[in-house]
2 protein chains.
Amino acid sequence: MKQKTGVTIYDLATELNVSPSTVSRALQNHPSIGKATIKAVKELAVKRGYRLNSIAASLRKQQTNNIGVLVSWINRPFISSLISGAEEAARAAGFNVLISQSHDSLDNEKDNVKAFFESRVCGLVVSLAMETQDFEHFNRFLENGTPVVFVDRIPDHLDVQKVIIDNHAAAFKATQHLIDQGCKRIAHFGGALHQAIYRERLRGYKDALQANNLPLDDTIILHGDLLSADEGQKMTEFLLGLPNPPDSIFSANDTAAVSAIQFAKSAGVRIPEDLAIIGFNNDPLCMIIDPPLSSVGHPAADMGRIAVQQILQIKSAEGKLVPQTIMLNTAVIARASSLRKT
Amino acid sequence: MKQKTGVTIYDLATELNVSPSTVSRALQNHPSIGKATIKAVKELAVKRGYRLNSIAASLRKQQTNNIGVLVSWINRPFISSLISGAEEAARAAGFNVLISQSHDSLDNEKDNVKAFFESRVCGLVVSLAMETQDFEHFNRFLENGTPVVFVDRIPDHLDVQKVIIDNHAAAFKATQHLIDQGCKRIAHFGGALHQAIYRERLRGYKDALQANNLPLDDTIILHGDLLSADEGQKMTEFLLGLPNPPDSIFSANDTAAVSAIQFAKSAGVRIPEDLAIIGFNNDPLCMIIDPPLSSVGHPAADMGRIAVQQILQIKSAEGKLVPQTIMLNTAVIARASSLRKT
DNA sequence: CTGAATGCAACAATCGATTGCGCAAGTTGT
DNA sequence: ACAACTTGCGCAATCGATTGTTGCATTCAG
């Protein structure tokens, strides 16, 4: 006969002739419980296969063991890797991961944040929706002391915990790479400028040009709302139609860059000879497209992992921690789409 | 001054001069509560911003509002789409989605199932690990009446709820497509045969050959453990080295098919003239590779969505439902990699 | 040898919602 | 007018763990 509900601390308490509170404290190594008692309790707990009922604990503590992860779209290579890392880190620490997606809509983001709040997650990992420019909806978490860690797409003027890559440096390196390959007129596909990541990438691009004494030409700095394949194609079409087209493109994502390759090829433009291209993210696509797309690689899974670890740290520090920004390194991954020299 | 914990049914009860039990029942439209009372309770609930404390409810009911989703790898196009669909359906119904990945290891799968069980998920959506051949670890769920829905990679000899695609028909159609394009000697890349999906695909392939009076040659039926890019390349190399190489390949996934294209191209084999190729899954890669890869498309997001809906249905039916198998349709998506005729 | 400090553990309240049982007022039947 | 229902709702236990407070023994200092 199975006991539906499993062993409880009351069962253990009865068997050991102690009170449930003692059992509870013993299991948590509470200092006011004797060494011997702790040992006895723990041994019996193992013997009887005791398992904490996390729901009961959650009710009492008004907080679950679940970490919410809020992203724009799950089915994107970068995001799913990030989630993967977060999931592993959380599970390793005995936490569960709750997922939701904003579909890049602010309204969804707000709803989901609210749902997470009401389901009493013990921490939140967020990568903002493309639209998001105000952050009030996170206040309930911040106020009530629940750790929130922003990842990748972050609110840049807020003093909160962040895990990001060095977008400026990455963009600088990518641009410099093109310059090193002999490119002199480099176009840029950027994203919505209210998102810090795109602003930083633009800045890195500009700084690299300046550092190499190359002129800055605003007509070949283009911006997409979502940097979709469609936008990538239109932007490429525009560039190639210019009287003075660029000799290379630094795209702030791979999707648009791949699209650029496809369109350019179809237009008879040789890559990289006529047009060198480098993307951003190092999506799997990069190695499939012909020629293979150079890109900027970043540790997506690590970002997820670290974000979760940050949450756990903040929890254990109990608010004695000052929000910090963790910046991860990136690497230019050079492939045929940008390699002009052997 | 914010109330940390929010409004409870006790607050509503006090204000309305009824008992908490009445409030609880009213909110659930319990038949033994008067129409007027229900209305009054609900109105006040809205007015005071009452929110169910799901933890308390969970404790009492010994069950959460979380649906566990257990997959092999989150960061795969098919899987992440499936999760995306599941997440949307769950959220729409007021449930949360808990994610975990087996990394295709049976041990991980067991651990994660156990973790989900202990965290009292109210339902489980599973796509099996590649390794999995026994299913005892799901018994605790089945025994205790928690709905489990298997998706895509399913235990085929078990009488459980399943959501799958018609792998046999899909494989038949894909093979027939190659035949229609004039292919006469069609190779097959299959997966581990203890997984029903691969067995079915193989069967569909064979049946299509037979239906067209084409000979069956076991030397060009190859099997990969994971159908990775690496395996795809090796299998292609093997095929091209045969004295009598095939004129086409039906691969049970896109990864291996893309790899085949890449290797074949590098070996000077023309696609589709010398070698026509069709994959399976319709991953984004298909449209990136040159030539674009034909594939079998299936509704990944729908599978996730339907799986979650099944869970909800089973819950509401309270065990009065016989396990059924829902089979979704697929479509051959013909692209240049297999189109020999105009 | 006595008052104080210390170590260990029990009591009981609490978290918020759910639910079996029972009771009272109102309705119907005869 | 009395028994038999029906309708509507309250009481109190329960889910399992956590935690502030209290209390009993030892042990130690003076």
Side-chain angles (χ1 to χ4, degrees), chain A residues 3-42 44-45 48-66 94 117-120 122 144 315 318, chain B residues 3-42 44-45 48-66 94 117-120 122 144 315 318:
Chain A
Q3 357 185 20
K4 279 280 178 210
T5 57
V7 185
T8 73
I9 55 170
Y10 294 92
D11 300 329
L12 300 183
T14 305
E15 190 164 348
L16 285 172
N17 275 313
V18 297
S19 75
S21 34
T22 299
V23 174
S24 173
R25 289 186 167 109
L27 291 171
Q28 305 175 60
N29 294 313
H30 192 285
S32 90
I33 300 296
K35 263 276 188 187
T37 311
I38 292 188
K39 187 153 169 275
V41 168
K42 289 195 170 176
L44 187 68
R48 295 276 169 273
Y50 167 79
R51 286 275 132 197
L52 172 68
N53 183 326
S54 55
I55 302 179
S58 295
L59 173 58
R60 181 60 225 243
K61 295 193 291 199
Q62 291 295 323
Q63 184 159 128
T64 64
N65 271 297
N66 302 329
F117 185 80
E118 281 166 5
S119 78
R120 269 92 173 167
C122 68
N144 107 335
K315 283 175 67 67
E318 284 161 357
Chain B
Q3 3 183 15
K4 280 280 177 208
T5 58
V7 184
T8 72
I9 56 169
Y10 295 92
D11 301 328
L12 300 183
T14 304
E15 189 163 350
L16 285 172
N17 275 315
V18 296
S19 75
S21 32
T22 299
V23 175
S24 173
R25 288 186 170 107
L27 292 171
Q28 305 174 60
N29 293 314
H30 192 287
S32 88
I33 301 295
K35 264 277 191 189
T37 311
I38 292 188
K39 186 150 170 279
V41 168
K42 288 194 170 176
L44 187 67
R48 293 280 170 270
Y50 166 80
R51 286 275 133 196
L52 172 67
N53 182 327
S54 56
I55 302 180
S58 295
L59 174 59
R60 181 62 224 243
K61 296 193 288 199
Q62 289 297 319
Q63 188 157 221
T64 64
N65 272 300
N66 302 327
F117 185 80
E118 281 167 5
S119 78
R120 269 92 173 167
C122 68
N144 107 333
K315 282 174 68 69
E318 284 162 358

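The sequence lines fix the lettering, A, B, ..., with proteins before strands; numbering per chain opens at 1.
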Practice item. For A:Arg120 and C:dC15, give me the distance from atom CZ to atom P, rounded to whole Å. Key: 13 Å

Review point. Do the side chain of B:Thr64 and the main chain of B:Ser58 share a donor and acceptor less than 3.5 angstrom apart?
Key: no

Which atoms of nucleotides 19-25 of chain C (N or O only) lie under 3.5 Å from a protein N or O atom, and what are those distances?
from   : atom 1 : to      : atom 2 : distance (Å)
C:dG20 : N7     : B:Arg25 : NH2    : 3.2
C:dG20 : O6     : B:Arg25 : NH1    : 3.4
C:dG20 : O6     : B:Arg25 : NH2    : 2.7

Practice item. With rounding to the nearest 0.5 Å, note down the distance linking CZ in B:Arg60 to CG in A:Leu59. Key: 12.5 Å

**Study point:** Test item: B:Ser54 side-chain N/O and A:Ser119 main-chain N/O as donor-acceptor pair under 3.5 Å
**Key:** no

Check your understanding: Hey, does the side chain of A:Thr37 come within less than 4.0 Å of C:dA9's phosphate (OP1/OP2), counting only N and O?
Key -> yes

Point to revise | d(NE2, A:His30; P, D:dA17) in whole Å | key: 17 Å

Check your understanding: What is the nucleic acid contact for B:Ile55, judged by heavy atoms within less than 4.0 Å: base, sugar-phosphate only, or nothing?
Key -> nothing

Exercise for review: Could you state the atom-to-atom distance from CD1 of A:Ile33 to P of D:dG20 in whole Å?
Suggested key: 14 Å

Practice item. Round to the nearest Å and state the distance from B:Glu118 atom CD to D:dA17 atom P. Key: 12 Å

**Study point:** N or O in side chain of A:Ser19 less than 4.0 angstrom from C:dA10 OP1/OP2
**Key:** yes

Exercise for review: Could you check whether B:Val18 gets within reach of a base, just the sugar-phosphate, or nothing at all, counting any heavy atom under 4.0 Å?
Suggested key: sugar-phosphate

Point to revise | Between C:dC8 (C1') and A:Asn17 (CG): distance, integer Å | key: 16 Å

Review point. How close or far is atom C1' of D:dC15 from atom CG of A:Leu52, stated in whole angstroms?
Key: 14 Å

Review point. Between C:dA17 and B:Tyr50, is there an OP1 or OP2 to side-chain N/O distance shorter than 4.0 Å?
Key: yes

Donor-acceptor contacts, no H, no angles, side chain residues 34-41 of chain B, under 3.5 Å, sequence neighbours left out:
none

Check your understanding: Can you tell me if the side-chain N/O atoms of A:Gln62 get under 4.0 Å from OP1 or OP2 in D:dT18?
Key -> no

Review point. How close or far is atom C1' of D:dC15 from atom CG of A:Asp11, stated in whole angstroms?
Key: 13 Å

Exercise for review: Please tell me which of B:Leu59 and B:Ser32 maps to the more 5' nucleotide of DNA chain D, matching each residue to the nucleotide holding its nearest heavy atom.
Suggested key: B:Ser32

**Study point:** Close side-chain approach of B:Thr22 and B:Leu16, heavy atoms under 4.5 Å
**Key:** no

Practice item. Begin from the C-alpha positions of A:Asn53 and A:Thr8 and carry the test side chain to side chain contact (heavy atoms under 4.5 Å, CB included) through to its verdict. Key: CA-CA 8 Å; A:Asn53 183 326; A:Thr8 73; over 6 Å; no

Practice item. Can you tell me the distance, in whole Å, between the CG atom of A:Asn53 and the C1' atom of C:dG16? Key: 15 Å

Check your understanding: Which sits closer to the 5' end of DNA chain D, B:Tyr10 or B:Lys35, going by the nucleotide each is nearest to?
Key -> B:Lys35

Point to revise | Check: A:Val23 main-chain N/O paired with A:Arg25 side-chain donor or acceptor under 3.5 Å | key: no

